[in-house]
Amino acid sequence: VVASAYVPDTMNQELDELLRAALPELYTESQQIVVNCISTGNSETDPNTTMAGMTQIMGMMASGEVELLICTGENARRYGDNGNAFMPVSELFTESELTASGLQPVSVPVLDEEGNPTGENSVPCGIDLSGSSQLTSALYHDDIAAYVLVNTSHIENAKDVITLLASNP
């Protein structure tokens, strides 16, 4: 799932074409990558779109439909349960894999029970995708990252997609 305040209609097709061309082995009769792009609106100027997007993403996450979430830091904080909903980077990639591929881990700000920032961050649980101008320009944000959900059953596929997107300027 790609989630941001505004996701252009063309993003589904663009990402699907990129993934099919670069990772054709992930598209078989028994498995398919499904790209879902969800606009979450601006909570201050468009609260209805924000609530609709949040409801859709949370429902998909609860039903296990989301294995990889590509989003802004704000959305990672919103859906990440202080990072607990995401697999720690140390369980996804070895240090040598991170170094060899140039992947940069990111954390999620931790909130208290009332939703206020504590000043702490979660363990690194996402990979920075801000180097992908395709994503940052389409989503109008510079703080885009990929987060693998803890209930992901296709970890190697998620790693392949993250590595591809992080290396695709």
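FYI, side chains are in, hydrogens and waters are out, and symmetry mates aren't considered; it's all heavy atoms of this structure.
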same_hphob_cluster([X], [Y]) at 4.5 Å side-chain heavy-atom cutoff:
X    : Y    : answer
M60  : M58  : yes
I155 : V161 : yes
Y147 : M54  : yes
V34  : M61  : no
V123 : F93  : no

Do side-chain atoms of S122 reach the backbone of S107 as a donor and acceptor pair under 3.5 angstrom?
->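 Checked: no pair found.
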Quick one: are I144 and T72 in side-chain contact, heavy atoms under 4.5 Å?
->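 The answer is yes, as the side chains (C-beta and beyond) meet within the 4.5 Å cut-off.
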Supply the atom-to-atom distance [X] [atom1] to [Y] [atom2], rounded to the nearest 0.5 angstrom.
X    : Y    : atom1 : atom2 : answer
L164 : S101 : CG    : OG    : 12.0 Å
S167 : I162 : OG    : CD1   : 11.5 Å
I33  : N157 : CD1   : CG    : 6.0 Å
L129 : Q104 : CG    : CD    : 11.5 Å
N36  : I57  : CG    : CD1   : 10.0 Å
L68  : H154 : CG    : NE2   : 12.5 Å

Shortest non-hydrogen contact from [X] toward [Y]:
X    : Y    : result
D128 : A166 : O-CB, 4.4 Å
D143 : G73  : OD2-N, 3.0 Å
L103 : P105 : O-CD, 3.6 Å

Can you name the one residue among L92, T152, V108 that meets side chain to side chain contact (heavy atoms under 4.5 Å, CB included) with F86?
-> V108
Identify each donor-acceptor pair in which a side-chain atom of residues 16-25 lies under 3.5 Å from a protein atom, sequence neighbours left out, and give them as a table.
unit_1	atom_1	unit_2	atom_2	d
D16	OD1	R20	NE	3.4
D16	OD1	Y27	OH	3.3
D16	OD2	R20	NE	2.9
E17	OE2	Q13	NE2	2.8
R20	NH2	Q32	OE1	3.4

Sequence neighbours excluded - salt bridge (charged side-chain N to carboxylate O under 4.0 Å, His left out) pairs with any residue from residues 70-93 | E74-R78
Solution key, residues 114-121 side-chain donor-acceptor pairs under 3.5 Å, sequence neighbours excluded:
unit_1	atom_1	unit_2	atom_2	d
T118	OG1	V110	O	3.2
T118	OG1	E120	N	3.1

Should I127 and L98 be marked as a side chain to side chain contact (heavy atoms under 4.5 Å, CB included) after you check the CA-CA gap, both sets of side-chain angles, and the distance that decides it?
-> CA-CA 10 Å; I127 297 293; L98 290 172; 4.1 Å; yes
